[in-house]
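A short write-up of the structure that comes next.
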Amino acid sequence: ILFITFFGILIVACKKEKSLQEYMTDSWQTTYLKLEMPTYEKSDSLEIYEDKFDNNPELIAQSKYNTDGTFNAWFLNKEGKKVSNSDGKWNVENDSLFVAFYYNGRDIKVGYHITKTTEGFLGKSAFDWDNDGEFDDFLTMKTKRIKTD
């Protein structure tokens, strides 16, 4: 009986963790963003943008990732209305999230290294965020899980 009890406890304790694909299939809100651009627009100037979204910001980034590999991203303004909607495609490989979408006159294809957190996830990417031809800009974002329509 002791062996059966121990084996039962072991099975319950070994609950399978969700795959990153399953984990990402949800709705998210950005709670922190830091963008470091060391050669901002081909200059020798470092440009850093950082926002904790804690002082009643003008816009808050939100997104929803669907099981079919599509996603929708938007900003929520102070009136609670969705603005700047953008649709795209997403997929997961190992510990990375890859997204492709059109935004602000640009086709964007970027990968993020994803770390699951208790609230949501931490995403990090290197990309040409300042559109200067150099893929030397580093973005860090934190998210939290949200409920959407």
Side-chain angles (χ1 to χ4, degrees), residues 10-149:
L10 184 63
I11 289 174
V12 171
C14 294
K15 183 174 70 171
K16 186 178 178 190
E17 186 177 326
K18 280 185 178 181
S19 71
L20 186 56
Q21 181 86 21
E22 293 169 314
Y23 189 82
M24 291 302 303
T25 305
D26 213 331
S27 298
W28 307 97
Q29 178 173 303
T30 302
T31 59
Y32 173 80
L33 183 74
K34 184 174 185 180
L35 180 56
E36 300 170 83
M37 298 172 282
T39 58
Y40 183 68
E41 295 181 345
K42 294 193 180 257
S43 71
D44 62 356
S45 298
L46 170 65
E47 184 79 20
I48 297 176
Y49 171 80
E50 187 171 21
D51 199 339
K52 296 177 184 173
F53 302 102
D54 56 0
N55 290 326
N56 197 19
E58 292 291 321
L59 298 171
I60 298 173
Q62 296 183 335
S63 57
K64 182 176 183 189
Y65 291 80
N66 305 305
T67 56
D68 65 359
T70 62
F71 76 92
N72 181 249
W74 62 89
F75 291 100
L76 200 62
N77 67 17
K78 284 186 175 188
E79 290 78 40
K81 294 181 182 173
K82 291 181 181 181
V83 296
S84 298
N85 283 310
S86 181
D87 296 317
K89 296 194 180 287
W90 70 282
N91 69 297
V92 166
E93 293 178 24
N94 300 319
D95 60 358
S96 297
L97 166 69
F98 295 92
V99 294
F101 59 100
Y102 183 81
Y103 180 73
N104 207 18
R106 240 177 119 181
D107 282 319
I108 297 179
K109 292 181 182 179
V110 63
Y112 296 88
H113 176 268
I114 300 296
T115 304
K116 297 175 188 176
T117 66
T118 54
E119 282 193 317
F121 66 87
L122 173 69
K124 295 182 177 183
S125 72
F127 189 70
D128 179 19
W129 293 108
D130 62 354
N131 205 21
D132 67 358
E134 301 291 330
F135 286 76
D136 61 350
D137 307 323
F138 191 69
L139 181 135
T140 302
M141 73 174 166
K142 294 178 186 175
T143 68
K144 69 178 180 182
R145 193 178 308 271
I146 58 170
K147 294 193 183 298
T148 57
D149 306 346

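Numbering starts at 1 and runs along the sequence shown.
Going from atom CG of Leu122 over to atom OH of Tyr32 covers 9.5 Å, rounded to the nearest 0.5 Å. Separation of atoms OG1 (Thr31) and CE (Met141) is listed at 10.0 Å; rounding is to 0.5 Å. Atom NZ of Lys147 sits about 11.5 Å away from atom NZ of Lys64, to the nearest 0.5 Å. Remark: Met37 CE to Tyr49 OH distance equals 10.0 Å, nearest 0.5 Å. The CD1 atom of Ile146 sits 5.5 Å away from atom OG of Ser27, with the distance rounded to the nearest 0.5 Å. Here OG of Ser63 is found 8.5 Å from CG of Asn72. Values are rounded to the nearest 0.5 Å.
Within 6.0 Å of the NZ atom in Lys78, the count of heavy atoms belonging to other residues, nucleotides or ligands exceeds 12. Counted within 6.0 Å of CG on Asn85, heavy atoms from surrounding residues, nucleotides or ligands total more than 12; the atom is thus considered enclosed.
Applying the salt bridge (Lys or Arg N to Asp or Glu O under 4.0 Å) definition to pairs two or more places apart or across chains, none involves residues 31-51. Note on residues 117-136: no pairs pass salt bridge (Lys or Arg N to Asp or Glu O under 4.0 Å), not counting sequence neighbours. Residue pairs meeting the ring pair (Phe, Tyr, Trp, His ring centres under 6.0 Å) criterion with at least one partner in residues 117-144, sequence neighbours excluded, are Trp28-Phe121, Phe127-Trp129, Phe127-Phe135. Every pair tested for salt bridge (Lys or Arg N to Asp or Glu O under 4.0 Å) that includes a residue from residues 90-101 fails, sequence neighbours excluded, so the list is empty. For residues 105-117, the salt bridge (Lys or Arg N to Asp or Glu O under 4.0 Å) pairs, not counting sequence neighbours, are Glu17-Lys116.
Of all heavy-atom pairs between Leu76 and Gly80, the closest is CD1-O, 3.3 Å. Between Thr115 and His113, the shortest heavy-atom distance links the atoms OG1-CE1, 3.5 Å. The shortest heavy-atom contact between Gly88 and Phe101 is CA-CB, 4.0 Å. Smallest separation of non-hydrogen atoms from Asn66 and Thr25: C-CG2, 4.0 Å.
When the side chain to side chain donor-acceptor pair (under 3.5 Å) test is applied to Asp137, no partner is found at least two apart in sequence or on another chain.
The side-chain heavy atoms of Val110 and Val99, taken from C-beta on, include a pair separated by under 4.5 Å. Proximity of Leu97 to Met24: side-chain heavy atoms (C-beta onward) are separated by under 4.5 Å at one or more points. Side-chain contact check for Asp87 versus Thr70: every heavy-atom pair is 4.5 Å or farther apart. A 4.5 Å side-chain heavy-atom check between Leu33 and Phe53 finds at least one atom pair inside the cut-off.
Between Trp90 and Tyr65, a ring centre-to-centre spacing shorter than 6.0 Å is recorded.
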Test side chain to side chain contact (heavy atoms under 4.5 Å, CB included) on Tyr23 and Arg145 and set out the steps.
CA-CA 10 Å; Tyr23 189 82; Arg145 193 178 308 271; 3.1 Å; yes

